[in-house]
Amino acid sequence: MARTVETTPFADQRPGTSGLRKKVPVFQQPNYVENFVQSLFDSLEGFAGKTLVVGGDGRYYNREVIQTVIAMAAANGFGRAIIGKGGILSTPAASHIIRKYKAFGGIVLSASHNPGGPHEDFGIKYNIGNGGPAPEKITEAVFARSKVISRYMIADIAPVDIDTIGTTEAAGMAVEIIDPVADYAELMKSLFDFEAIGKMFASGFRMAFDAMHAVTGPYAKEILERRLGAPVGTARNFVPLPDFGGHHPDPNLVHAKALYDEMMGPDAPDFGAASDGDGDRNLIIGRGIFVTPSDSLAMLAANAHLAPGYRSGLKGIARSMPTSGAADLVAKKLGIGMYETPTGWKFFGNLLDAGMATICGEESAGTGSDHVREKDGLWAVLLWLNILAVRSQSVKEIAAEHWASFGRNYYSRHDYEAVASDAANALVDELRGKLSSLPGKVVRGLKITKADDFAYHDPVDGSVSEHQGIRILFEGGSRVVLRLSGTGTSGATLRLYVERYEPDPARHDLDTQAALSDLIAAADEIAGIRRHTGRESPSVIT
Ligand code: G16
């Protein structure tokens with residue numbers, strides 16, 4: 001029943017920060033999906049007879065690619081495929097299911113927070129047996145293979161019914177369709193004080209959760225409304241749609257603006273939150289206050305011991321390099337390890353597996369812990385709810401107390417999207433070329449103390465990842481970071497990360513952009529952002 005099909009390579013199948021992301025028409029080219037999946041299987045060893053988890057965020061083309069993956073997994077010798085009903089699995093749920101059922105690995109079909117639809121984005125990423133994104137040595141091997149591939153294997157089978165829970169068989173491989181929510185909901189119950197959170201809801205606590213027509217809808221309905229007793233309507237936009245209702249499922253202040261406006265309004269709920277396309281990102285907004293992802297990481301780490309799953313304390317904290325240093329101050333106070341990694345959740349896997357870090361976070365709205373090996377949007381929301389229930393304070397009060405004891409790291413990211421790749425590369429090359437001449441210079445009244453191109457030395461496996469972002473540090477602890485995104489699908493996206501530390505509580509109520517204006521101007525002067533990109537202002541400010 002398995003067939004070998006001749007094919008020719010595509011030149012553009014290098015996975016980025018998180019898997020292969022392209023426009024749908026690119027994936028729809030004959031053999032495009034097949035080539036990538038076969039290149040992946042050819043780069044793995046020892047999966048014969050083992051289990052592959054498959055699911056996605058429900059976006060356009062999800063169901064078609066799941067059928068292809070089933071037929072190819074069977075032909076390549078997997079023994080069992082576990083698939084979320086309807087082809088749905090959030091990224092953190094897929095990570096949990098891989099771990100729980102001791103699968104060999106998993107394929108998650110998602111382009112995360114990018115829009116979906118016939119002309120929008122699609123993506124394929126592979127997670128290894130620890131539940132985490134494949135490390136660079138695997139993604140690079142897949143890319144190398146994709147450049148020389150000459151055949152793929154596929155079983156001739158009728159489409160599998162992925163909408164009925166139960167086990168069937170496809171070309172000798174068992175296909176198990178599971179409830180995508182149940183295992184994940186049980187895991188959350190084991191980590192958090194559902195009774196305390198339930199009592200908080202029963203006493204009138206109001207929350208708005210925006211699932212953005214993406215994968216977390218069914219998870220939020222089950223956990224927040226059914227298990228924790230939040231009023232029906234707490235989860236909004238909860239039906240996953242192939243085009244996310246025409247929106248970007250990106251939980252930030254631009255794409256979740258309606259939620260933000262409501263949270264800043266006179267009758268705001270107590271707590272607002274949102275998650276992205278595949279459920280690994282989070283947005284946290286209290287009544288009258290947006291909590292930056294960097295601050296959220298620090299506040300969650302400082303309060304995690306209030307949740308049952310973290311009562312015995314944290315082993316360490318890890319954050320990506322561009323994420324603010326707010327969590328470092330918490331780690332210092334707790335006397336635990338702090339690790340600075342490149343952008344990309346895959347870099348946390350070794351630290352989590354080695355028991356060096358318990359909580360990890362990124363400025364790009366990702367927070368998570370060692371319960372899975374992915375960032376986890378609903379996990380962050382539930383940990384916040386647990387903390388709010390135990391402390392009986394508002395988000396605003398918790399943030400103010402946090403800043404009073406640790407100081408405040410004003411922080412913002414400016415994105416210049418869809419810039420011509422040549423212009424973006426020229427900017428980075430020019431900046432790299434002058435890094436050694438920057439220390440000692442004064443720009444806009446700010447003295448540069450250090451400038452480098454971040455390289456990460458993994459303390460667990462000794463691997464080195466270079467060119468992970470340019471850092472320019474100023475006297476007093478402020479800094480700007482520039483790097484090119486690894487997740488965009490058109491042209492290049494330049495990211496400018498800006499941070500300023502303010503120890504004085506009397507200055508903790510400033511407007512963020514105003515507090516950072518001198519650094520933003522200095523960054524433009526140093527890197528020539530406007531000159532190179534031709535843009536007067538960023539496309540997105542978060
Ligand atoms: C992915 C990665 C994250 C990364 C983010 C932004 O998130 O998993 O680790 O921080 O992209 O990466 P970049 O700055 O290179 O665009 P997601 O939610 O898109 O999978």
Side-chain angles (χ1 to χ4, degrees), residues 14-22 56-57 59 90-92 94-95 108-116 120-127 131-136 139 212 214-216 244 248-252 255 274-283 292-294 297 318-324 340-349 351-352 360-368 372-380 413-419 424 428 454 456 465 467-470 481-497 538-540 542:
R14 177 180 233 146
T17 307
S18 182
L20 185 70
R21 287 187 195 169
K22 303 279 176 197
D57 61 13
R59 71 177 56 227
S90 77
T91 285
S95 182
V108 182
L109 305 173
S110 168
S112 189
H113 54 288
N114 297 5
E120 298 296 351
D121 292 2
F122 190 75
I124 305 181
K125 64 177 174 165
Y126 178 68
N127 284 26
E136 273 184 341
T139 55
M212 305 188 90
V215 80
T216 49
F244 308 116
H248 283 231
D250 192 350
N252 63 23
H255 298 297
S275 189
D276 70 331
D278 62 333
D280 56 4
R281 297 185 173 207
N282 69 86
L283 171 70
T292 68
S294 295
L297 170 66
R319 64 164 171 84
S320 67
M321 184 275 283
T323 304
S324 95
E340 188 177 37
T341 61
T343 294
W345 204 264
K346 59 191 172 204
F347 293 102
F348 294 134
L351 297 169
L352 294 166
C360 308
E362 294 189 281
E363 52 67 38
S364 55
T367 334
V372 290
R373 293 293 181 274
E374 287 277 9
K375 56 189 189 273
D376 188 343
L378 268 171
W379 171 91
R413 187 175 98 185
H414 290 196
D415 293 334
Y416 296 79
E417 292 175 345
V419 171
V428 171
F454 180 62
Y456 179 58
S465 302
H467 306 304
Q468 297 294 328
I470 292 172
V481 172
L482 290 105
R483 60 179 281 281
L484 299 183
S485 158
T487 56
T489 54
S490 25
T493 295
L494 173 71
R495 301 204 195 285
L496 167 70
Y497 311 83
S539 340
V540 179
T542 47

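Note that this is a predicted model, so its numbers are computed, not measured. In listed order, ligands and their atoms are each counted from 1.
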Any idea which atoms of ligand 1 are less than 4.0 Å away from a heavy-atom of [X]?
X      : result
Trp345 : 9 (O)
Ser364 : 4 (C), 5 (C), 10 (O)
Gly486 : 13 (P), 15 (O), 16 (O)
Thr343 : 4 (C), 10 (O), 12 (O), 14 (O)
Glu362 : 3 (C), 4 (C), 9 (O), 10 (O)
Ser112 : 17 (P), 18 (O), 19 (O), 20 (O)
Gly344 : 9 (O)
Arg495 : 13 (P), 14 (O), 16 (O)

With rounding to the nearest 0.5 angstrom, report the [atom1] to [atom2] distance, [X] to [Y].
X      : Y      : atom1 : atom2 : result
Ser275 : Asp280 : OG    : CG    : 7.0 Å
Leu297 : Arg319 : CG    : CZ    : 9.0 Å
Asp57  : Thr216 : CG    : OG1   : 10.5 Å
Met321 : Thr341 : CE    : OG1   : 9.5 Å

Would you call Lys375 a ligand 1 contact, heavy-atom distance under 4.0 Å?
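Right, Lys375 reaches ligand 1.
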Is it true that Arg483 lies under 4.0 Å from ligand 1, counting heavy atoms only?
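A heavy atom of Arg483 does come that close to ligand 1.
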What orientation do Phe347 and Tyr456 show, parallel under 30°, tilted 30 to 60°, or perpendicular over 60°?
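Phe347 vs Tyr456 ring planes: perpendicular.
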Measure Asp278 to ligand 1 on non-hydrogen atoms and call it side chain, backbone, both or neither using the 4.0 Å cut-off.
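Contact part for Asp278 vs ligand 1: neither.
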Test of understanding: given a 4.0 Å heavy-atom threshold, classify the contact between Ser18 and ligand 1 as side chain, backbone, both, or neither.
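Near ligand 1, Ser18 shows its side chain, while the N, CA, C and O stay back.
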Please compare Arg281, His113, Lys346, Arg21 and report which has the shortest non-hydrogen distance to atom 6 (C) of ligand 1.
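Residue with the shortest heavy-atom distance to the ligand atom: Arg281.
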Closest approach of any protein heavy atom to atom 16 (O) of ligand 1, naming residue and atom
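Minimum-distance protein heavy atom for atom 16 (O) of ligand 1 reads Thr487 OG1, 2.5 Å.
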So, Arg495 and His414: side-chain donor and acceptor under 3.5 Å apart, yes or no?
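Checked: Arg495/His414 side chains show no N/O donor-acceptor pair below 3.5 Å.
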With no hydrogens and no angle check, is any side-chain donor or acceptor of Arg59 less than 3.5 Å from a backbone partner on Leu109?
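Pair absent, no side-chain N/O of Arg59 close to backbone of Leu109.
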Could you report the tightest heavy-atom contact between Lys125 and Ser18, atom names first, then the distance?
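Where Lys125 meets Ser18 most closely, the heavy atoms are CD-OG, 3.6 Å.
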Side chain to side chain contact (heavy atoms under 4.5 Å, CB included) between Asp121 and Arg21, intermediate numbers included
CA-CA 7 Å; Asp121 292 2; Arg21 287 187 195 169; 5.9 Å; no
What about Arg413: any of its N or O atoms under 3.5 Å from an N or O on ligand 1?
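No; the residue has no nitrogen or oxygen that sits under 3.5 Å from a nitrogen or oxygen of the ligand.
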